[in-house]
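Note sheet for the following structure.
We count ligands from 1, going down the list as the structure has it; atoms in each ligand are counted the same way. In this text, all values refer to a predicted model and were calculated from it rather than measured experimentally.
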Amino acid sequence: MAEPRRVSFRDGRLASRKAEEAALRRHQAAAWLQAMVGSFGLAPYPSEQEFVASLRNGIVLCKAINKLQPGAVAKIITNAPCDSQPLTAFQYFENIRNFLVAVNKMKLPSFEASDLDKDSLDAGTVGKIVDCVISLKSYHEWKQAGGANGPIKYMKSPLAVRSSQLQSENVALGPSPSQKRLDLTEADADTQPFQNVDPNMKEAVEKLKKVIVDSMLSYKENFDQDILKKDPTKLIGAVLANQLGKEQLLSPEKLITENAPTHCIEHSSSQIENKQLLLQAHETELLDLKKMFQDVKVNFRSLQTQFLDDMAKLGENIQDLSKAALGYNQAVKENRNLYNMLQELRGNIRVFCRIRPLLNSESISSIEHVGSDGSVMVYDPVKPQSARKIFQFNKVFGPTTTQDEVYKETQPFVRSVMDGYNVCIFAYGQTGSGKTHTMCGPSGGLSKDFGINYMALNDLFNISTSREDVKYDIRVQMVEIYNEQVRDLLNEDRSSTKLDIRASLNNGLLNLPDAKIYPVQSPSDVINLMQLGEKHRASGSTAINHRSSRSHSILTVHVNGKDIAGNVSRSSLHLVDLAGSERIDRSEATGDRLKEAQHINKSLSCLGDVINALAQKNSHIPYRNSKLTQLLQSSLGGNAKTLMFAHISPEAESCAETLSTLKFAQRASTVELGTAHANKESSEIRELKEQVDTLKKALANKELEKSSLKLKENATTSERTKQVLDRTPPRPRRLSLENASSGKAKMPERKILKSPRSAMGITHDKECNSDGFRHTSHHESLLQMPATCAEDLVREEEKIICTVDTVEFCQLPPEAYNLLKQSGLNTPEAALCRSRNLCTEASCGDAPSSTAKLEKIMTGTAVKKGSHLRKSIQSSIGRLIHGTERRNVQHSAQGTPTKITANACHNIASPVTADIRLRRRQSLTGMPPPPTMSRRSSLGGKSDTKIVKPPVHVLPASTSHCHSPGSHGLNKVQTTKEVPKHHLQ
Ligand SMILES: Nc1ncnc2c1ncn2[C@@H]1O[C@H](COP(=O)(O)OP(=O)(O)OP(=O)(O)O)[C@@H](O)[C@H]1O
């Protein structure tokens, strides 16, 4: 199969080579003719047609031959300049005929007049014409050389043409006999005998010539090393044999012998001899070519080696480069990850930039480059010389980015809502830049190409159904801020949509308690609600956007999750589509539109102020300057994850706004919110938190009560003391003092707080009332209380003391508290009784049993409680107590002598109550007190043992009366339960 292909290739090459040779000869002929007669418009390398066409009228040929032999053509028929008629065919013929006669006279190769006829044009006939001209040329050269060296020699063979240079040199000398013999185209007298020989013979010789020339050309074209290695004589023999065999011709000798008449044989053998010589010459030429070929081959080999070396080096270089590129890519990736981590840790506002497509195809885009690394390069096409500005964001979405691609990048934020994080995604940008398209989808979410709002909610549903162990409750709110008014978008009653922003009691965050909130179960619920909201949202047509949002819309999704272990998470997702900033001159807003635009621009400017203040870490952040910043406060400065979409329009006319948006967004990306926290609580923590809240409230109540008590005591002490002293004879009074001191030993601890908040007594009396204690009325009655009303006072005192104990009781660790609750003391009244009983038990010397009970509770608590949670709750309770005590200490230090006395009274508690107190304290704070130190000493003060003296011995006489009310009170408590009333008297 391969062989025919090689043959046809060789044939093709041969044909092209022949054509090349013919073209070269035409070129020589044309050049010579032009040199002889001047330019006649023939191209240097004419085609066959051009060549023949230029000679067809015979004028050029006649002129050329006349130059060689003046008068060779007597009359040349030419076109007169005035004669516009073209020459007739007959006139042509005259010129050609005269030329051919002249040529024949000169015994030069000739052609037929009809050969110039265009209809009969073929390669052979053109070749004859060219041969004729070339022979004229040779003649001319010979003549110029003087004609002394024998007859003219002209070339017909392509090979003869190839060696024309050599021959032209020889022309000067005249052809040697051997040369004459070698020349295949020799047409001198030697060839004459052939003209008389048998035409068959002539034809055979012509064929032979042709075969040899073709073979030579063929072998020259296709020689290979094998051929060149052969003996040239044998090679030629082989060529002849081959070609002759192919042509089915006999060998030249045989051919001549067989076909030629006898008288021609001698001549034929000399012809063959000539041809053999010619072949030898070609053999030499072949050898030269072989040498050349070898040289070329060596060069080629060295070039090939060099090329291979270069390729190898190039390969190595490419490998190095690819390694470097790979390393670089990895470094960039790592860098990016680190950057993201850093941002995550810092809690920076993430910023994505989205470029909407050009809406007017004739506009020029001001966006020069969008990098995959989050960079965007902007320039002003109106001022192409102006500097390019590059901005860097977390991500940049080009004009061809789809909604799905945008959401894919947003998804991680949305998903973290389900893990308890608060997330805020807001779209910012000039009017018509595509904010609504991104958040709600085209046509404000009314089409199928949904925006982030819908996709986010859909995603939340998917997660909620995929997490089987958590039960989620998803609710939706949708409001707008229109002309600085917050309006409910989901309220069907459009007459009462105005909403107030209020601080939540739970977390202090601002919210809209009156806004309608709808539970959603499926994406279709969401679509319905969003469509309702979009229907109610204010929008209008401006010169920039035919459906421009005239309000900021906030879609809030509240997600509450509770897992099977009772752990809860609460989070919210704010999806904010801001109204676009607009230049009034461009939006051409008037009337209502103008008012809206002013409000929009103002609130966006407030947002800018807040962002600036946050970016600069100012101490004051002006959230309250607009409703928008008020509502977004928790997202901009809280522990939320915040993502901002900066939208830009690529049109050249919007370049200024684009730059302003990008600068704003870049500033926003520097705002550090702090690490976001998940709002997750385990059931235990939740319970503990609730208990801490209860304790805090109770502590506050306690302080209030004590301050009220202090007021009461201050106001009534002197009065009561005076009355009691007046009524008590010296003996009972002494007894009373003694009883007081002994009774005191049995009394439970009583703290007398000197809170600075006592001034708030009037306000907080209401709270006390709500707890069932009539402090205010009591306070008033105390001011006017006659001595006989002491019993009432005692009751009041008892209540106060019980209240104090209730507070302290509530300060028990939760488990202890729960255990006590389980034992039936789960109402304030029961707790009150319980505390009273505890006091009583303690005062009756039943301290060991209560202590043991407490101890039991504490031990159980310690076993049950995880140490971590325990520590946390204990430390918070400890702080609460420490804070109170510190305040007490401070007040004691600065207090009146009465207060000192009271403290002294406090410090002389019986060992039993002191023990209870210490144990309780230990259980609450987890800090074991040193055995010899009282609570105060454990707080860093001095040991009570050093400052506390028995009241009887240390109290100065002037202050002993101050102790009486307390002792009275305390005695009264005892009295109410156990002590006879006469002790009071
Ligand atoms: N990414 C996008 N691909 C195709 N069209 C878009 C894209 N973004 C915006 N558009 C088209 O541009 C026009 C303006 O968009 P859109 O209304 O969302 O802008 P806006 O920023 O919300 O404007 P305004 O602030 O005035 O409400 C709309 O016709 C919208 O369909």
Side-chain angles (χ1 to χ4, degrees), residues 352-361 363 365-367 370 376 395-410 425-455 480-483 489 530 533-555 575-589 592-605 607 628 644-651 653-654 657-658 660-662 664-665:
F352 290 173
C353 174
R354 186 171 191 189
I355 305 158
R356 86 151 155 66
L358 279 171
L359 296 180
N360 178 0
S361 55
S363 300
S365 174
S366 59
I367 311 300
V370 176
V376 56
K395 186 93 200 158
V396 177
F397 300 107
T400 52
T401 316
T402 62
Q403 298 282 82
D404 282 339
E405 284 164 348
V406 172
Y407 183 68
K408 214 170 146 201
E409 295 291 330
T410 319
I425 300 174
F426 69 99
Y428 177 91
Q430 74 165 115
T431 180
S433 57
K435 298 178 293 296
T436 310
H437 183 95
T438 298
M439 299 306 288
C440 308
S443 334
L446 304 176
S447 82
K448 285 280 166 230
D449 195 5
F450 294 114
I452 286 176
N453 288 3
Y454 173 79
M455 286 197 256
E480 69 174 347
I481 303 172
Y482 176 74
N483 287 353
L489 287 176
M530 283 189 341
E534 279 305 318
K535 198 175 85 186
H536 294 153
R537 187 176 179 192
S539 69
S541 178
T542 67
I544 300 177
N545 188 357
H546 74 280
R547 198 172 182 283
S548 175
S549 311
R550 309 310 289 166
S551 65
H552 310 298
S553 98
I554 305 175
L555 172 72
L575 297 161
V576 187
D577 175 18
L578 296 176
S581 57
E582 62 190 58
R583 270 185 13 215
I584 308 295
D585 56 331
R586 282 195 65 203
S587 67
E588 296 167 16
D592 280 352
R593 291 290 94 84
L594 178 63
K595 195 176 154 200
E596 288 159 3
Q598 285 164 344
H599 277 112
I600 292 168
N601 287 346
K602 183 170 173 279
S603 58
L604 290 175
S605 141
L607 178 65
L628 175 66
M644 168 177 165
F645 273 95
H647 285 84
I648 51 175
S649 310
E651 280 89 12
E653 311 86 72
S654 302
E657 285 94 333
T658 296
S660 149
T661 301
L662 291 174
F664 175 81

Checklist outcome for this item: Between E651 and N360 the two heavy atoms that sit nearest each other are OE2-N, 4.1 Å
Next on the checklist: With a 4.0 Å cut-off on heavy atoms, is Q403 in contact with ligand 1?
Outcome noted: no
Checklist entry - What atoms of ligand 1 come closer than 4.0 angstrom to any heavy atom of Q430? => result 21 (O)
Checklist entry - Numbering the atoms of ligand 1 from 1, which are under 4.0 Å from a heavy atom of S548? => result 24 (P), 26 (O), 27 (O)
Checklist entry - Should S433 and I648 count as side-chain neighbours, where that means a heavy-atom distance under 4.5 Å? => result no
Next on the checklist: F352 and ring-ring contact (aromatic ring centres under 6.0 Å, His included): which single residue from F426, F397, Y428 fits?
Outcome noted: F397
Next on the checklist: Which option wins on minimum heavy-atom distance to atom 23 (O) of ligand 1: C440, G451, G432, G580?
Outcome noted: G432
Checklist entry - Which ligand 1 atoms, with their elements, are less than 4.0 angstrom from a heavy-atom of S549? => result 24 (P), 26 (O), 27 (O)
Checklist entry - So, the side chain of S654 versus the backbone of E657: is there a donor-acceptor pair under 3.5 Å, distance only? => result no
Checklist entry - Considering residues at least two apart in sequence or located in another chain, which fulfil the ring pair (Phe, Tyr, Trp, His ring centres under 6.0 Å) criterion with Y407? => result none
Next on the checklist: Donor-acceptor pair, distance only, cut-off 3.5 Å: does the side chain of T410 make one with the backbone of V406?
Outcome noted: yes
Checklist entry - Is a salt bridge present between R550 and E480, judged by a nitrogen-to-oxygen distance below 4.0 Å? => result no
Item to check | Any R354 heavy atom less than 4.0 Å from ligand 1 | outcome: yes
Checklist outcome for this item: If we number the atoms of ligand 1 from 1 as shown, the ones under 4.0 Å from a heavy atom of K435 are 18 (O), 19 (O), 20 (P), 21 (O), 22 (O), 23 (O), 24 (P), 25 (O)
Item to check | Sub-4.0 Å atoms of ligand 1 with respect to non-hydrogen atoms of S433 | outcome: 19 (O), 20 (P), 21 (O)
Checklist entry - Between the candidates R356, H437, H647, which shows the shortest non-hydrogen contact distance to atom 31 (O) of ligand 1? => result H437
Item to check | Residue list, ring pair (Phe, Tyr, Trp, His ring centres under 6.0 Å) with Y482, at least two apart or on another chain | outcome: none
Next on the checklist: Can you tell me which portion of T438 lies within the under-4.0 Å heavy-atom range of ligand 1? Options are side chain, backbone, both, or neither.
Outcome noted: neither
Checklist entry - Of the listed options (G434, G429, P357, G441), which comes nearest to atom 4 (C) of ligand 1 when hydrogens are ignored and any heavy atom counts? => result P357
